[in-house]
Amino acid sequence: MSSYDLVVIGTGPGGYVCAIRAAQLGLKTAVVEKRATHGGTCLNVGCIPSKALLHASEAFEEAGKHFADLGVIVSEPKLDLKKMMAFKDEGVAGNTKGVEFLLKKNGVDSYRGTGRLAGAGRVEVIAEDGGNQLLETRNVVIATGSDVAKLPGVTIDETVVVSSTGALELGSVPKTLVVIGAGVIGLELGSVWRRLGSEVVVIEYLDRVLPGMDGEVGKQFQRILGKQGITFKLSAKVTGVEVGKKGGATVTVEPAAGGEAEKIQADAVLVAIGRVPYTEGLGLETVGVQTDNKGRIQTDSQYATNVTGIYAIGDVIAGPMLAHKAEDEGVAVAEILAGQSGHVNYGVIPNVVYTFPEVASVGKTEEELKKDGIRYNAGKFPFTANGRAKVNHTTDGFVKILADADTDRVLGVHIVGADAGNLIAEVAVAMEFGASAEDVARTCHAHPTLTEAVKEAALAVGKRAIHI
Ligand code: FAD
């Protein structure tokens with residue numbers, strides 16, 4: 001029987017990063033993965049393929065709608081969907097192979113199969129052909145991630161009624177696409193298919209898009225997506241989806257508060273109502289690992305479960321279901337296991353929506369600050385007043401910085417705008433260092449860049465923005 005200091009179950013961004021960090025710190029480490037390739041949801045059916053399609057569809061839209069404004073005259077672009085999917089698959093393969101290389105390079109042993117807890121200090125690896133292998137280990141990190149949340153009464157067939165996984169693989173552009181759920185995944189994939197020619201209708205139970213993000217950001221973002229052609233039905237619930245005999249589906253929608261039902265015909269329906277922790281086949285019950293009422297593995301601040309030697313990280317535990325959160329937890333738990341002081345600052349985890357424009361957010365929203373009774377000053381700067389955004393014709397959106405009214409410490413930053421996902425990084429660093437809005441405002445920002453809008457928003461906290 002092979003013997004390890006650490007066996008990590010699952011090689012998504014949480015698991016593979018944890019294994020590499022543990023190996024760097026001298027722990028004899030193995031990973032167990034049941035998928036054919038490493039990288040988990042993120043690299044195989046999540047972040048990476050969705051961003052590949054967002055990138056390619058944005059280029060398609062740019063060529064068709066905006067190149068002429070720049071004096072670049074091309075004939076009407078044609079969509080080669082097969083080629084676009086091949087571009088996406090190539091990106092996925094490159095990334096998953098990269099993880100395989102990194103695991104090998106760091107001396108991490110890799111086992112293919114379903115990992116199952118088999119009593120204290122033991123993990124059983126069950127291969128697809130039924131063969132099994134027993135690993136002995138001092139510690140186990142569970143990093144089994146999450147799965148698509150199902151809508152009661154709606155069957156996902158991954159052809160007409162699809163999850164995000166099916167929506168990344170559609171063989172043709174649906175004439176009408178109904179998206180159930182106005183969260184990040186629904187709006188990103190809705191944007192992809194709208195750009196490629198679908199009429200997209202988004203149905204959301206709540207009265208707003210991007211629940212959990214800053215309210216003003218949500219409103220402005222919905223307006224922008226509406227201008228781009230996406231239709232929203234908010235405060236509405238889907239009560240049924242019936243797939244037709246000749247393809248397509250009929251979606252039944254009612255007001256969330258009750259009332260008359262309406263039927264919408266769609267060629268495809270994307271169910272994007274969230275994700276749930278994935279622990280199937282893991283054998284949690286064999287050793288008595290506790291889960292909470294949402295099925296998440298319960299851990300303490302050191303990622304330890306109630307069973308000695310068993311830890312958990314990433315989507316399978318509480319917190320935002322984000323790849324970088326999983327990665328940072330992977331590093332933290334590896335460091336803890338090596339006797340160091342691994343730590344994640346949950347107050348500074350950026351959240352990005354990779355549409356056009358992008359949405360990015362870190363720290364507290366205005367709603368949260370009000371609820372917590374924290375007095376704050378808000379500084380806001382629109383991209384219409386930023387030189388680079390003006391010249392690029394990317395003036396939609398704004399930067400908003402929320403700073404403590406007494407100390408000026410930055411508490412939250414919310415951006416709608418081109419490249420917001422990159423812009424948020426500087427304020428995340430600033431927040432990690434406990435910066436004030438004045439610190440950001442007094443930092444020299446290159447001209448002409450979109451980052452100047454961040455500086456101006458910081459100046460606006462002190463009511464001294466220059467360009468508005
Ligand atoms: P996962 O990535 O889910 O990996 C878990 C792995 O464990 C899987 O490979 C699975 O096969 C394996 N596994 C499960 N059970 C077992 C077992 N018993 N034995 C062996 N292996 C097992 N996040 C972002 O931060 N940015 C984005 O842009 C983004 N875009 C997304 C787009 C889509 C369409 C989706 C679906 C998700 C997106 N996410 C994004 C979320 C992100 O993918 C997850 O937060 C992240 O993958 C979680 O990492 P993880 O390591 O916890 O789990």
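Every number for a ligand or one of its atoms is a count from 1 in the order of the listing.
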field: ligand 1 to Lys51 polar contact by distance, N or O atoms, under 3.5 Å
entry: yes

- prompt: What do you reckon, is NE2 of His55 surrounded by more than 12 foreign heavy atoms closer than 6.0 Å?
  reply: no

task: First locate atom SG of Cys18, then atom CG of Asp328, and finally report the distance between them rounded to the nearest 0.5 Å.
output: 12.0 Å

message: Does this structure show an ion pair linking Glu329 with Lys325, if we count only N-O contacts that are shorter than 4.0 Å?
response: yes

field: Heteroatom proximity flag, Lys34 to ligand 1, N/O under 3.5 Å
entry: yes

- prompt: Do the side chains of Tyr205 and Ile273 get nearer than 4.5 Å, heavy atoms only?
  reply: no

task: Determine whether any heavy atom of Leu43 lies closer than 4.0 Å to an atom of ligand 1.
output: no

query: Is the shortest N/O to N/O distance between Gly14 and ligand 1 below 3.5 Å?
result: yes

query: At the 4.0 Å heavy-atom cut-off, does Ala143 count as touching ligand 1?
result: yes

- prompt: Using 4.0 Å as the upper bound for N to carboxylate O, is an ion pair formed by Arg112 and Glu128?
  reply: no

- prompt: Could Lys28 and Tyr4 be counted as a cation-pi pair, given that NZ or CZ must be under 6.0 Å from the ring centre and within 45° of the axis?
  reply: yes

- line: When rounded to the nearest 0.5 Å, the distance separating CZ of Arg195 from OG1 of Thr355 is 7.0 Å

Side-chain donor or acceptor of Asp214 paired with backbone N/O of Glu366 under 3.5 Å: yes

message: Is it the case that the side chain of Arg194 and the backbone of Leu177 share a donor-acceptor pair, with hydrogens and angles ignored and the cut-off at 3.5 Å?
response: no

task: May I ask you to check if ligand 1 and Tyr278 share an N or O to N or O distance below 3.5 Å?
output: no

query: With a cut-off of 4.0 Å, which atoms of ligand 1 are near a heavy atom of Ala326?
result: 49 (O), 52 (O)

query: Which residue from Leu54, Val45, Thr41 reaches closest to atom 3 (O) of ligand 1 through any of its heavy atoms?
result: Thr41

query: Pro320 near ligand 1, heavy-atom distance under 4.0 Å?
result: no

query: Which of the numbered atoms in ligand 1 are below 4.0 angstrom from a heavy atom of Ser50?
result: 32 (C)

message: Please check if the number of heavy atoms outside Glu242 that lie under 6.0 Å from its CD is greater than 12.
response: no

message: Suppose we measure from atom 45 (O) of ligand 1 to each protein heavy atom; which comes out shortest, and what is that distance?
response: Asp315 OD1, 2.9 Å

- prompt: Should Thr114 be counted as touching ligand 1, given the test is an N or O pair under 3.5 Å?
  reply: no

field: Heteroatom distance test (Met321, ligand 1): nitrogen or oxygen, under 3.5 angstrom
entry: yes

- prompt: Within less than 4.0 angstrom of ligand 1, does His38 place any heavy atom?
  reply: no

task: Select the closest option to atom 24 (C) of ligand 1 among Gly10, Gly115, Gly39, Ala323, judged by heavy-atom distance.
output: Ala323

message: Are any of the N/O atoms on Leu322, whether in the backbone or the side chain, positioned under 3.5 angstrom from an N/O atom of ligand 1?
response: yes

